[in-house]
Amino acid sequence: MIQFPKDFVWGSATSSYQIEGGATADGRAWSIWDAHAHTPGRTNNNENGDIACDHYHRYKEDVALMAKMGLKAYRFSISWSRIQPDGQGNVNPKGIQFYSDLIDELIANNITPWVTLYHWDLPLALQTEKDGWLNPEIANYFEAYAEICYKNFGDRVKNWITLNESWVVAILGYGEGIFAPGRKSKDEPYKVGHQLLRAHGKAVQLYRNKYQQKQKGQIGITNNGDWREPLTDSKEDIDAAQRSLEFFLGWFADPIYFGDYPKVMRDRVGDRLPKFTDEDRALIKGSSDFFGLNHYTCSYASNVDPNAPISNQVYGNGGIFEDQYVALSSDPKWKLTAMKWAIVPWGCRKLLEWISDRYGNPPIYITENGCALDDVVENGKVTDTLRKEYYESYLAACSKAIDKGVNLQGYFAWSFMDNFEWALGYSKRFGMHYVDYDTLERTPKNSALWLSKAIQDNGFDFSQNDVEI
Ligand code: PNW
């Protein structure tokens, strides 16, 4: 029997643009994701979040399903342009009302709200008129928006996450251009990353100075990181795996824990990597009460000789290749999800241990973990056995990490329900609840039933399992 610590936070997560719909309801204005998804060719079948899961109108039904599962916590994000349509100035009272009602509904059902302030849906006006995350002024707009949230919701919300996955915003939004705002550059990701960190720092400073004492909440940031296992035990490959982790997770975590970017990034990126002023450093260092981690998969990493010709195979989910010279690969024995992401639970444990060692054993919350599968409803049931095995084995790996001293305090399954998977539209299903996009009916999948039991028992039987963790 695997048992989790007494106050372990069992949650599930979603984000605003992926589930809400109601894209222009009650005064909401477009975000960069509305504009991106409405640009032909950007998403699978040109799908968009206009309706999504219609959570905006069905949130009570959704909270009832969460309560039925016994979820202790629910992580959702606020659509900035729903409560501040232009990204600055006027506040939309109906937007405030929606989130206020959602929060009340959660609390009435004994579910603790965890609120992400920014999950990629920047108000479009800030992009078109202010140049989005490239503009140093954006930190001030973000701070002002954060204050609206603290003021209106902070009496009831005690867990704040400033930004979701800065790496994705920087690399996929400004490097590869597959996510909003769809820019392709080798320099902008580093500039954008810098402004994201500054904006996070400002929002945290404001919370700590003006709200934390009274509201008694915690505030942090969520970064995404997958594990990098050295392909061989050569020093070159061990260094390559470490370098890859530092470019991926260290990029955004080192400034928060140490006050600067990893040395390997400063050495390799040179002048293209912005420098922190003393003021910014003071703002950012120590600016997270916990380490929020979104984790999905694992790759092998190996060194690439900078003089060798670059082949296509060396590109991958690692950032800007020429700055790293790391090749990613996988083991053909690893099972794959519908995203073609490998299922490697021990990678999760190793990453948790890496974070714990590098950053001084901070409290960690896994704020996302899960998988997409090609689910089908048959006789009212979804037999998503591989998803159940995914949750089970990743949670077992988490438990092993806890045994080894990692201060992991909670786990949020991604996702509560199937939703708009960004550039992949509705083609990828990550949910524990199946959503029929014609009728918008929700059906709990078997994985939801399994997790519900694990929550109730605060653990599960893993003794008959020989999966490596
Ligand atoms: C995360 N990658 O996104 C997000 O926080 C969620 O909104 C999303 O639905 C979920 O993971 C599943 O994709 C990521 O390419 C998207 O490395 C892409 C990557 C990583 C995370």
Side-chain angles (χ1 to χ4, degrees), residues 11-20 31-33 36-37 43-44 47 49 52-53 55 75-79 114-122 161-180 189 196 221-228 244-245 247-249 251-252 292-299 301 315-321 326 328 330 336-344 347-348 351 365-373 387 390-391 394 412-433 435:
S12 182
T14 63
S15 89
S16 47
Y17 191 67
Q18 294 181 273
I19 65 164
E20 284 179 1
S31 74
I32 56 173
W33 261 100
H36 190 80
T43 62
N44 177 64
E47 287 155 356
C53 308
H55 173 76
R75 171 179 178 238
F76 63 93
S77 78
I78 292 177
S79 159
W114 282 64
V115 177
T116 308
L117 292 172
Y118 185 73
H119 200 123
W120 312 347
D121 42 0
L122 189 76
I161 295 167
T162 54
L163 306 176
N164 181 67
E165 301 189 348
S166 296
W167 181 92
V168 168
V169 176
I171 293 292
L172 303 187
Y174 284 82
E176 297 180 10
I178 59 170
F179 282 11
L196 285 160
I221 190 169
T222 276
N223 285 305
N224 57 311
D226 297 327
W227 178 244
R228 302 295 191 229
S244 179
L245 288 166
F247 265 87
F248 196 172
L249 193 52
W251 178 5
F252 296 102
L293 175 70
N294 291 353
H295 175 81
Y296 287 93
T297 187
C298 163
S299 302
Y315 288 93
N317 166 27
I320 297 169
F321 175 77
V326 176
L328 302 180
S330 58
L336 299 180
T337 71
M339 298 288 282
K340 305 259 180 319
W341 294 351
I343 304 179
V344 189
C348 181
L351 183 64
Y365 293 90
I366 291 188
T367 43
E368 285 179 26
N369 176 245
C371 65
L373 298 175
R387 183 175 290 106
Y390 183 103
Y391 287 143
Y394 274 77
F412 293 75
W414 183 272
S415 177
F416 172 69
M417 59 185 155
D418 296 335
N419 57 49
F420 178 74
E421 179 53 29
W422 308 111
L424 297 168
Y426 298 99
S427 67
K428 295 288 175 267
R429 295 181 175 275
F430 271 93
M432 289 188 288
H433 291 82
V435 176

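Both counts, for ligands and for their atoms, begin at 1 and track the order of listing.
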Worksheet item: Does the pair Ile343 and Tyr394 meet the rule for a side-chain contact (heavy atoms from CB on, under 4.5 Å), with working shown?
Response: CA-CA 9 Å; Ile343 304 179; Tyr394 274 77; 3.9 Å; yes
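Counting heavy atoms under 4.0 Å from ligand 1, residue Lys428 does not touch it at all.
When the options Tyr17, Trp167, Trp120 are ranked by their closest heavy atom to atom 16 (C) of ligand 1, first place goes to Trp120. Across the listed options Phe248, Tyr296, Trp341, Phe430, Tyr296 owns the non-hydrogen atom lying nearest to atom 11 (O) of ligand 1.
Between Trp414 and His119, the two ring planes are parallel [angle under 30°; tilted spans 30° to 60°].
Taking the six-membered ring wherever Trp is involved, the centroid distance between the rings of Tyr365 and Phe412 does not fall below 6.0 Å.
Side-chain contact annotation: Asp121 with Ser16, donor-acceptor N/O pair under 3.5 Å present.
Between Asp226 and ligand 1, not a single N/O pair is under 3.5 Å apart. Among the atoms of Gln18, some N or O lies under 3.5 angstrom from an N or O of ligand 1. Here's the thing with Ser15: none of its N/O atoms is less than 3.5 angstrom from an N/O atom of ligand 1.
Across Gly175 and Pro189, no two heavy atoms sit closer than the pair CA-CG, 3.6 Å.
At a 4.0 Å cut-off, at least one heavy atom of His119 sits close enough to ligand 1 to count as contact. Using 4.0 Å as the threshold, Leu172 has a heavy atom nearer than that to some atom of ligand 1.
Of all atoms in ligand 1, numbered sequentially from 1 with element shown, those under 4.0 Å from a heavy atom of Asn164 are 5 (O). Close contacts between ligand 1 and Asn294 involve ligand atoms 5 (O) [criterion: under 4.0 Å to a heavy atom].
Side-chain atoms of Asn294 come within 3.5 Å of backbone atoms of Glu368 as a donor-acceptor pair (strictly under, hydrogens ignored).
Among pairs with a residue in residues 414-426, those fulfilling salt bridge (charged side-chain N to carboxylate O under 4.0 Å, His left out) read Asp418-Arg429, Asp418-Lys445, at least two apart in sequence or across chains.
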